[in-house]
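So the structure is just underneath, and the comments pick up after that.
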Amino acid sequence: MGKSGSRSARRPRAGRASVSNGEIAAMLDELADLEEIAGANPFRIRAYRNAARFIAESSRSMIDMLAEGRDLSSLPGIGKAIAAKIEAIVETGRLRQLEEAKKRTPEALARLTHVRGLGPKRVKALYDELHIRSVADLKRALKAGRVRELEGFGAKTERLIEEGLRDITAGERRTPLMVARRTAAELLAYLEAVEGVTQVTVAGSYRRGRSTVGDLDILVACRDGSPVLSRFVEYADVGQVVSRGTTRSTVILRSKLQVDLRVVAEASYGAALQYFTGSKAHNVAIRSIAAHEGLKVNEYGVFRGSERIAGRTEKEVYASLGLPYIEPELRENRGEIEAAAGGRLPRLVTIAQIRGDLHCHTSASGGQMSLRALAMEARKRDYEYVAVTDHTTRAAVAHGLDVRRLERQIAAIERLNDELEGIVLLKGAEVDILEDGSLDLPDDVLESLDIVVGAIHEGFALARRRQTERILRAMDHRCFNILAHPTGRLLGEREPYDLDLERVMEGARDRGCFLELNAQPARLDLSDTYCKLARESGVKLAVSADARRKADMELMELGISQARRGWLERSDVINTLGWKSLGRLLRRG
DNA sequence: GCCGTTTTCGGCCCGACTGTTTTCAGTCG
C-alpha cells in the first residue's frame with residue numbers, strides 16, 4: 001500500500017493529472033501511516049483512512065466529479081479539508097501534507113507498520129532508539145539481537161516480527177474465494193464433528209462474498225466443556241499457532257491461509273455472527289447507531305445497561321436497533337444501513353433464480369466441451385437454456401470460427417435441440433468489436449443468431465473518448481445484445497481500459513442492450529461497485545460463467561456473490577428470465 | 001478530520017490476546 005501514491009507524488013504533472021482513485025486513496029493511506037507513527041490525533045488518522053477507503057471503492061472517478069463541478073465535501077467521510085487535499089492531488093499530482101510528513105518521518109516506515117506485530121508505536125520506538133528506517137535496517141538489527149534489548153520488546157516480540165517480515169517479503173496474499181471454499185468445507189466438517197459443537201459458520205469476508213479472502217473467520221457455538229479450541233489447533237493442516245485463548249484462537253495453515261476461530265455460547269450466536277461477519281466499517285456504523293440509542297453492541301449481544309435485549313440471532317440484533325435484517329453481501333457501509341432504515345433494501349438475486357448461462361465456449365474456440373457436453377452440464381444445473389458463444393474470426397485469443405464453421409455449428413445446434421429434452425442451446429457468438437465499432441461477422445450471419453455477445457479483445461490502449469465511441473457504435477448494431485467483460489480488467493494483471501462507463505451504461509440502456517458480469521475469477525467484470533452503478537443507471541446485466549470447461553460452470557455462484565454485493569435484484573439480471581421472455585428481450589426489433 | 005433526532009462542540013465501536021507489565025500498552029480484527 002502507498003507505493004503507487006509515492007510514485008505519483010514524485011512525478012508532478014501539469015494540469016488535471018490522470019490520477020486514479022486508487023492513487024488518491026494510496027496517498028491518503030500513506031499520509032495516515034506516517035501521521036500515525038508521528039503520534040498525530042488518532043481520529044484524524046481514521047478520517048484519512050475512511051476517506052481513502054471510500055475513494056478506492058467509489059465507482060465514480062474523483063477527476064470526473066471535479067470536472068462536473070461536484071462538491072466533494074458532500075461525499076460521506078469527506079469534509080472541507082480532505083476535499084481540498086483531493087483537489088490538490090488531481091490538480092498537481094502531489095499532496096503537500098504528504099511531502100511534509102515524509103520530511104519528518106522516513107517514508108519507508110509506513111511500510112514497516114504493515115508487518116504483522118508491528119504497529120505505529122513499535123515502529124516509532126525502533127526508529128527513535130535504533131534508527132531503523134527500512135526493512136533492511138530492521139533485518140540487520142534483528143540479526144544483531146538489538147531489538148530484544150529495547151524496552152517493551154522481548155525475545156517473543158522479536159520472533160513475532162521475524163515471522164511477520166517473512167510474510168511481507170512473500171507479498172500480501174489474498175486467497176481466491178473459490179479456493180478458500182474447499183479449505184473451509186474440510187475445516188467445517190472437522191469442527192462439526194467435535195463433541196459439544198452445535199453450530200459452525202464461516203463469517204468474515206468469505207460470508208460477505210468477497211472475491212478474495214484475507215483469512216477465514218470461523219464462528220462456533222458449543223456446550224460448556226467442548227474441546228473445540230484444542231481440537232482446532234491440533235487440526236492436521238495447521239502450520240503455526242499464532243494465538244490461543246479461551247474464546248479465540250488463530251492459526252496459519254500450511255497453505256499460509258490464516259484461520260481465526262471464535263467460540264461463543266448459543267445465546268450470543270447471532271451477535272457474534274454479526275460481529276464476526278463485519279465488515280469493520282459496517283460494524284462501526286452499527287455500533288455507533290446503538291450508542292445513540294443508549295445501547296451497546298458487542299459480540300455477546302445488544303445491551304441496555306447490563307440487560308441483554310438481543311443476541312441469539314442476527315435478525316434479533318438488527319431488530320433491536322429498529323432495522324430489518326441486512327444480507328451479509330451488503331455489509332460494507334456503502335449505504336445499506338440508510339437503505340435499511342428507510343425500508344429500501346434490495347431483495348438480492350439468488351443462484352436458484354438463474355435459468356441459464358449466456359456466455360459459454362466449446363472446443364471450437366479454445367474450450368474443452370463439445371456442444372453435447374455443454375448442454376448436459378447446463379441441464380445438470382437445472383438451466384433452461386445455455387448460449388453457445390464461441391469466438392469469431394478476428395479473435396486473436398483462440399482460433400475463432402469463420403463464417404463457414406459458424407454455419408456448421410448453427411446447424412449442429414439445431415439438430416441437437418431437436419434431439420435433447422429439457423435444455424435449449426442458443427445459437428450465439430462472442431464477436432469482436434473492431435476499432436471502428438463494427439462487428440466481425442456479416443449482418444446476415446448475425447441475423448441468424450439467437451444472441452450476440454460483443455467484446456473488445458484488442459486495441460485496449462485507445463483514448464477514453466474513442467474507446468467509448470467504439471463501444472457505443474457497436475451497440476448501435478441492431479443484433480448486438482450483451483457487452484462482455486465491459487472494462488477488460490484482469491485482476492493483478494491488466495488495468496481496465498480507459499472508458500466512460502457511465503456513458504456506456506446509459507447507451508446500453510437506451511438501445512436495449514445489456515452488460516455482462518463475467519464470473520471468471522480473474523475478471524469479475526463488472527466489479528461490485530459498477531454493478532451497483534449499473535442498477536442505478538437502469539441497465540440490466542447478464543451474469544455469465546464464460547465457461548471453457550465443465551468445472552467453470554460453477555463459477556456462476558461466484559458471479560452471483562458479486563451481483564449480490566452489487567445490490568442486484570432478480571429483475572436486474574436477465575438470465576433469471578425464462579427463454580420465452582428473454583428471447584423477446586434479445587430481439588431488439 | 002468528520003459529523004449532527006445528544007447538532008457547531010465534543011464526541012468518535014468494542015473486546016481478545018500477548019508480552020513484559022507488577023496494572024497495562026500494543027496490536028489485531
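Reminder, nothing fancy here: chain letters follow the sequence lines and each chain counts from 1.
- DNA chain B is contacted by both Ala155(A) and Arg44(A); Arg44(A) maps to the nucleotide lying nearer its 5′ end (nearest heavy atom per residue).
- dA16(B) and dT21(B) have their P atoms separated by 24 Å, given to the nearest Å.
- Nucleotide dT8(B): unpaired (no Watson-Crick or G-U wobble partner with both distances less than 3.5 Å).
- Each of Arg287(A) and Tyr48(A) was assigned the nucleotide of DNA chain B with the nearest heavy atom; the assignment lying further toward the 5' end belongs to Tyr48(A).
- For Gln258(A) and dC28(B), the shortest distance from a side-chain N or O to OP1 or OP2 is not below 4.0 Å.
- Distance check on atom P: dT20(B) versus dC28(B) gives 16 Å, rounded to whole Å.
- Out of dT27(B), dG29(B), dT20(B), the shortest distance to the side chain of Lys156(A) is found at dT20(B).
- Listed pair Thr250(A) / dC17(B) fails the phosphate criterion, with no side-chain N or O lying under 4.0 Å from OP1 or OP2.
- Ring-to-base geometry does not place Phe43(A) in a stacked arrangement with dC2(B) (centre distance under 5.5 Å, plane angle under 30° required).
- Here the separation of dC17(B) from dC13(B), taken at their P atoms, is 22 Å to the nearest Å.
- For dG29(B), its base never sits under 3.5 Å from the side chain of Asp260(A) at any donor and acceptor pair.
- Minimum atom distance to the side chain of Arg46(A) is reached by dC13(B), of the listed dT18(B), dG29(B), dC13(B).
- A cation-pi arrangement, defined by a distance under 6.0 Å to the six-membered ring centre and an angle within 45 degrees of its axis, is absent between Arg159(A) and Phe153(A).
- dT18(B) and dG11(B) have their P atoms separated by 34 Å, with the value rounded to a whole Å.
- Considering only side-chain N and O atoms, Lys85(A) lies under 4.0 angstrom from the phosphate OP1 or OP2 of dG1(B).
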